[in-house]
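A short write-up of the structure that comes next.
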Amino acid sequence: MTLYPIGLIHYTNVAPILDYLELPEGVTAVQGVPTEMNAALLSGRVNMANVSAVEFIRHADVLAALPDFSVSVLGAVYSVNLFHRRPWGELRGGRIALTAQSATSVALLEVLLRETGVQASLERAEGTALALLDQGFDGVLRIGDDALREWYEVVGPIGEEVSMLDLPHAKGGVTVTDLAHRWFILTGHPFAFAVWAYRKDAPPPHALLQAMRQARRRGIGHLGEVAERHAALLGLPARVVQHYLWNFRYHLEAPDRLGLNEFAAKVAPGHAPLVLASGTQLARPSALTGG
């Protein structure tokens, strides 16, 4: 039997899918952070992975995406954050530390800085947000579970009386700018951080797609249990993690495609057409919004 290798990124934001995913016979999996899975897919080490949206866009000539899977959010995401002590507009001319774990988050930050006229020096540096701020960086980009934990470290504890609609984003002189929320303010669209992309020369077996859809259905149906399980791993309140998870949009619906197309136009003008598994091209925003 020919094996079909896939790449998995086990961040909490995909737990409603991956916690319940049972790989069908012949499908194998490797794990890593987004940049590692991006490289594995492009090199052919794996045939499909949940990869950074920007890598799908930049390599749309060789990659296609599943038409009904994404990791998108409309508004705040809580796990892609710029930590800073000076106001956003005063970051001009400053130094911002970037994580090496995510290509999409870095590209999103670059777009948001450019769109708001903020020119800053972007430098690779790993460490916690507060430690890097103390080392002299004016801003620190953090992603994934680490960003979620460090956001709560800054703004917490959050009592039961605080509405989930009023979660804080600043405390003790540190502001946590949520990049997905800033994208929403800029465009009015969701932001798609990741898609499930595959190599056009190696489409996924139908059994794998069915297993993923079943896993997603079960995970979303048991979101409270998923949240409690991962809250214990993260050291965070379960209700905060549940709020975090129910914000996500996992189906690459029309609004998510609008956001993906707009991001593609801003980050990679002239990119190859974005193709879904059905073989159709993603419609341009004007086509999707025409009445």
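- Relative to the ring axis of Tyr250, Arg216 does not place its NZ or CZ within 45° and under 6.0 Å from the centre.
- Shown here for Ser52 and Ala103, the closest heavy-atom pair between the two residues is OG-N, 4.0 Å.
- Rounding to the nearest 0.5 Å places NE2 of His189 at 9.5 Å from CG of Asn261.
- Between Phe191 and Phe184, the ring centre distance reaches or exceeds 6.0 Å.
- A heavy-atom distance below 4.5 Å is not found between the side chains of Leu66 and Leu252.
- The two atoms that bring Leu8 and Ala29 nearest to each other are CD1-CB, 3.8 Å, heavy atoms only.
- Partners of Arg249 under the side chain to side chain donor-acceptor pair (under 3.5 Å) rule, at least two apart in sequence or in another chain, are Asp256.
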(request) Decide yes or no on salt bridge (Lys or Arg N to Asp or Glu O under 4.0 Å) for Arg92 and Asp138, but give the supporting numbers first. (result) CA-CA 10 Å; Arg92 187 177 293 107; Asp138 300 289; over 6 Å; no

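- Counting heavy atoms from C-beta outward, Phe193 and Val73 have side chains that approach closer than 4.5 Å.
- Side-chain N or O atoms of Tyr11 include none that pairs as donor or acceptor with a backbone N or O of Val33 at under 3.5 Å.
- Between Glu126 and Thr99 the shortest side-chain heavy-atom distance falls below 4.5 Å.
- Side-chain atoms of Thr28 and Leu23, non-hydrogen and from C-beta on, never get closer than 4.5 Å to each other.
- Between the side chain of Asp145 and the main chain of Thr12, a donor-acceptor pair closer than 3.5 Å is present.
- The OG1 atom of Thr116 sits 5.5 Å away from atom CG of Leu113, with the distance rounded to the nearest 0.5 Å.
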(request) Starting from the C-alpha separation in whole Å, work towards a yes-or-no answer on side chain to side chain contact (heavy atoms under 4.5 Å, CB included) for Arg199 and Val62. (result) CA-CA 6 Å; Arg199 299 177 61 84; Val62 296; 5.5 Å; no

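- Atom CZ in Arg257 sits 9.0 Å away from atom OG in Ser70 (nearest 0.5 Å).
- Side-chain N or O atoms of Arg114 include one that pairs as donor or acceptor with a backbone N or O of Lys266 at under 3.5 Å.
- The shortest side-chain heavy-atom distance between Val106 and Arg124 falls under the 4.5 Å cut-off.
- Of the possible donor and acceptor atoms, one in the side chain of Asn81 sits under 3.5 Å from a partner among the backbone N and O of Tyr78.
- Judged purely by atom type and a 3.5 angstrom limit, Glu150 has no side-chain atom pairing as donor or acceptor with the backbone of Ala147.
- Counting heavy atoms from C-beta outward, Leu260 and Ile57 have side chains that approach closer than 4.5 Å.
- There is a side-chain donor-acceptor pair under 3.5 Å between Gln210 and Arg213.
- Using a distance-only test at 3.5 Å, with no hydrogens or angles considered, a donor-acceptor pair links the side chain of Thr35 to the main chain of Ala100.
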(request) Take His169 and Thr177, measure what side-chain hydrogen bond (donor to acceptor under 3.5 Å, both in side chains) needs, and give me the verdict at the end. (result) CA-CA 7 Å; His169 288 276; Thr177 294; over 6 Å; no

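- Judged purely by atom type and a 3.5 angstrom limit, Ser121 has no side-chain atom pairing as donor or acceptor with the backbone of Gly94.
- Judged purely by atom type and a 3.5 angstrom limit, Lys200 uses its side chain to pair as donor or acceptor with the backbone of Ala60.
- The two atoms that bring Phe56 and Ala197 nearest to each other are CD1-CB, 4.3 Å, heavy atoms only.
- Contact record, Pro16 with Leu245: CD-CD2, 4.1 Å, taken as the closest heavy-atom pair.
- A distance of 6.5 Å separates CG of Leu109 from CG of Leu98, quoted to the nearest 0.5 Å.
- For the pair Leu122/Glu110, a side-chain contact is recorded, criterion being any heavy-atom separation below 4.5 Å from C-beta on.
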(message) Tyr244 vs Ser79, test: side-chain hydrogen bond (donor to acceptor under 3.5 Å, both in side chains). Steps then yes/no.
(response) CA-CA 9 Å; Tyr244 170 64; Ser79 58; 2.8 Å; yes

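- To the nearest 0.5 Å, the span separating CG on Leu91 from CG on Leu82 amounts to 6.5 Å.
- The local environment of CZ in Arg86 is crowded, with over 12 non-hydrogen atoms from other residues, nucleotides or ligands closer than 6.0 Å.
- In terms of hydrophobic clustering, with Ile, Leu, Val, Met, Phe, Trp and Tyr side chains grouped at heavy-atom distances under 4.5 Å, Leu233 and Val241 are assigned to different clusters.
- Between the side chain of His251 and the main chain of Glu253, no donor-acceptor pair closer than 3.5 Å is present.
- Here CZ of Arg182 is found 12.5 Å from OG1 of Thr187. Values are rounded to the nearest 0.5 Å.
- Between the His222 side chain and the Arg218 main chain, a donor and an acceptor come within less than 3.5 Å of each other.
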